[in-house]
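Residues: numbered from 1 along the sequence shown. Reckoned from all heavy atoms, side chains included, excluding hydrogens, waters and symmetry mates.
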Amino acid sequence: MWAVDKQYLNNDNFVSASKSEKPFEMYAADQQILQDKSYYRVMNTSVSTFNDASTSYYHHSIGGYHGAKLKRYQELIEYQISKGNMNVINMLNTKYFIVRDQQSGQPQVQMNPGALGPAWVVSDWKIVPDADAEIKALDSLDTRQIAVIDQRYASVLEGVSRGVDSTASVIIKEENGRYGPRSLKYEVNGSKKNLVVFSEIFYPEGWNAYIDDRKVPYACANYVLRALPVPAGKHKVEFRFEPSAYYTGEKISLAGSVLLLLLFGAAGFITWRKQEKEG
C-alpha cells in the first residue's frame with residue numbers, strides 16, 4: 001500500500017508545520033492593527049477586497065470570498081460599498097483600512113475615526129415600503145443618527161421614542177476573552193426606550209434576541225443589520241444562535257441512537273436466550 005500511495009502522495013504534497021500553521025504572511029500593518037483589542041472590522045484594499053480571503057485570517061474583515069455569499073451582502077457590495085459610501089462602511093464598524101503604500105508597495109494602515117462600533121443608538125428612523133427602497137435610502141442616509149427599516153418590521157418599533165438620548169450607551173461584552181460565534185452580549189443603558197442598531201448581519205431565522213433573558217422580536221435595519229428597541233434603564237441584551245433545524249436534528253439523532261442501542265440490546269438478549277435453550 002505504501003508503494004501505491006507514494007504514486008499519488010509524494011513529498012511535493014506536504015508542507016512544513018510552520019507553513020501550515022501560518023499560511024498567510026503577517027505584515028507590519030497586520031501587527032499594528034492587532035494591537036487593538038476592541039471589536040472592529042477591517043477593509044483591505046491592498047488586495048482584491050471581495051475576492052481574497054487572506055485578510056480574514058488575522059482580522060474581522062468586511063471583504064473576503066465565499067462561493068455562497070449572502071445575496072443581500074453581495075448587493076450591498078455592488079450598490080454601496082464599491083461606490084465608497086462611507087456611511088455604509090462606517091455602519092459595518094470598519095475601523096481600519098489596509099492600503100498599498102505607493103512608494104514601498106507594502107500594506108499600510110489607515111484608521112477610520114467614523115466607524116460606528118459594534119452597536120449604537122439612533123435618534124430617528126424612517127420606514128420604507130420594500131427592500132429596494134431600503135437599499136436605495138442608504139445612498140444618502142446618516143447611519144449614525146437614522147436607521148431605515150422595511151415596513152414589514154414597523155410593528156417592532158411600537159413605543160420607541162424619537163430624539164437624541166444623551167445618556168444612552170451600548171457596550172459589547174466579552175465572554176472568556178472572546179466574542180462567541182453563537183452568542184453576542186451587550187449592556188444597554190438609556191433614559192428612554194431607544195432603538196439600538198447592531199453591526200451584525202440580520203438573519204430571518206436562527207438568531208433570537210433577548211432582553212434580560214426574555215425573548216423579544218427585532219427588526220432588519222439598513223438592509224443588512226439588526227435593530228432592537230430597548231426600554232429605559234440598564235439592560236442585558238443578547239443575541240443567541242438557536243436554529244430550530246439544528247435542535248430538531250439533535251432530537252432525531254438522539255432518538256436514532258437510543259433505538260439503535262435498543263436493537264443491539266434486543267439482538268444480544270435473543271442470542272443469549274437461544275444459547276440458553278440450546279445449552
Side-chain angles (χ1 to χ4, degrees), residues 15-101 104-119 138 143 172-186 197-203 206-207 220 222-226 239-241 243 246:
V15 297
S16 65
S18 59
K19 186 175 181 180
S20 176
E21 291 170 0
K22 290 189 176 181
F24 299 106
E25 181 181 357
M26 179 182 284
Y27 294 97
D30 297 312
Q31 295 175 338
Q32 183 180 340
I33 293 173
L34 290 172
Q35 298 302 308
D36 188 338
K37 302 304 180 183
S38 64
Y39 188 56
Y40 57 85
R41 296 192 181 94
V42 174
M43 182 173 181
N44 190 351
T45 63
S46 70
V47 295
S48 180
T49 306
F50 300 104
N51 291 290
D52 184 285
S54 61
T55 309
S56 300
Y57 188 79
Y58 294 109
H59 313 288
H60 295 285
S61 171
I62 71 167
Y65 174 80
H66 196 287
K69 193 175 295 181
L70 288 170
K71 180 181 179 182
R72 281 210 170 203
Y73 195 72
Q74 180 60 39
E75 291 171 343
L76 192 75
I77 292 170
E78 294 173 0
Y79 293 102
Q80 300 296 342
I81 301 175
S82 64
K83 297 176 181 178
N85 187 333
M86 285 303 299
N87 281 317
V88 170
I89 292 171
N90 289 340
M91 79 179 192
L92 297 177
N93 192 19
T94 312
K95 190 175 181 180
Y96 296 99
F97 290 95
I98 300 178
V99 300
R100 185 74 62 182
D101 184 75
S104 66
Q106 292 296 307
Q108 64 177 13
V109 179
Q110 290 181 355
M111 185 175 180
N112 174 26
L116 298 182
L138 292 175
T143 52
I172 190 168
K173 309 293 287 186
E174 294 185 37
E175 187 172 347
N176 298 323
R178 59 179 295 179
Y179 304 101
R182 297 183 56 150
S183 176
L184 294 165
K185 298 180 180 181
Y186 306 82
V197 177
F198 298 85
S199 187
E200 298 292 337
I201 296 295
F202 173 87
Y203 295 95
W207 282 90
C220 177
N222 299 354
Y223 200 66
V224 294
L225 303 184
R226 307 174 190 181
F239 286 96
R240 301 175 191 168
F241 185 54
Y246 170 78

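A search for side chain to side chain donor-acceptor pair (under 3.5 Å) contacts involving Gln106 returns nothing, not counting sequence neighbours. The ring pair (Phe, Tyr, Trp, His ring centres under 6.0 Å) search around Phe97 returns none, not counting sequence neighbours.
Side-chain atoms of Asn93 and Ser199 include no donor-acceptor pair closer than 3.5 Å.
For the pair Tyr58 and Met26, the tightest heavy-atom approach, listed with the atom from each and the gap, is CE2-CE, 3.2 Å. Here the closest non-hydrogen pair linking Tyr223 and Cys220 is O-SG, 3.6 Å. Across Ile172 and Pro118, no two heavy atoms sit closer than the pair CG2-CG, 3.9 Å. Shown here for Gly105 and Arg100, the closest heavy-atom pair between the two residues is O-CD, 2.6 Å.
Note: Ile98 CD1 to Ile33 CD1 = 4.0 Å, rounded to the nearest 0.5 Å. Separation of atoms CZ (Phe50) and CE (Met43) is listed at 4.5 Å; rounding is to 0.5 Å. To the nearest 0.5 Å, atom CG of residue Leu116 and atom CG of residue Leu225 are 9.5 Å apart. Note: Asn85 CG to Tyr79 OH = 14.5 Å, rounded to the nearest 0.5 Å.
Side chain of Asn112 to main chain of Thr94: a donor-acceptor pair is present (N/O by atom type, distance under 3.5 Å, no hydrogens or angles). The closest donor-acceptor contact from the side chain of Thr143 to the backbone of Asn87 lies under 3.5 Å. Distance alone, capped at 3.5 Å, is enough to place a donor-acceptor pair between the Asn44 side chain and the Ser46 backbone. Asp30 contributes a side-chain N or O that, together with a main-chain N or O of Tyr27, makes up a donor-acceptor pair within less than 3.5 Å. Side-chain N or O atoms of Arg41 include none that pairs as donor or acceptor with a backbone N or O of His60 at under 3.5 Å.
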**OP:** Report the C-alpha distance between Thr49 and Ile81 in whole Å, list the side-chain angles of each, state the deciding distance to 0.1 Å, and finish with yes or no for side chain to side chain contact (heavy atoms under 4.5 Å, CB included).
**Re:** CA-CA 11 Å; Thr49 306; Ile81 301 175; over 6 Å; no

Original post:
Passes side chain to side chain contact (heavy atoms under 4.5 Å, CB included), Leu184 versus Arg226? Steps please.
Top reply: CA-CA 12 Å; Leu184 294 165; Arg226 307 174 190 181; 4.2 Å; yes

Subject >> Criterion side chain to side chain contact (heavy atoms under 4.5 Å, CB included) on Val224 and Met91, from CA distance to verdict >> reply: CA-CA 10 Å; Val224 294; Met91 79 179 192; 4.1 Å; yes

Subject >> Evaluation steps, side chain to side chain contact (heavy atoms under 4.5 Å, CB included), between Asn222 and Phe202 >> reply: CA-CA 10 Å; Asn222 299 354; Phe202 173 87; over 6 Å; no

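Put simply, the side chain of Leu92 reaches to within 4.5 Å of the side chain of Tyr73, judged on heavy atoms.
A ring-centre distance under 6.0 Å is found for Tyr40 and Tyr96.
Classified by interplanar angle (parallel below 30°, tilted 30° to 60°, perpendicular above 60°), the ring pair Phe241/Trp207 is tilted.
Remark: of the listed residues Glu75, Lys69, Gln74, Glu75 is the sole one forming a side chain to side chain contact (heavy atoms under 4.5 Å, CB included) with Lys71.
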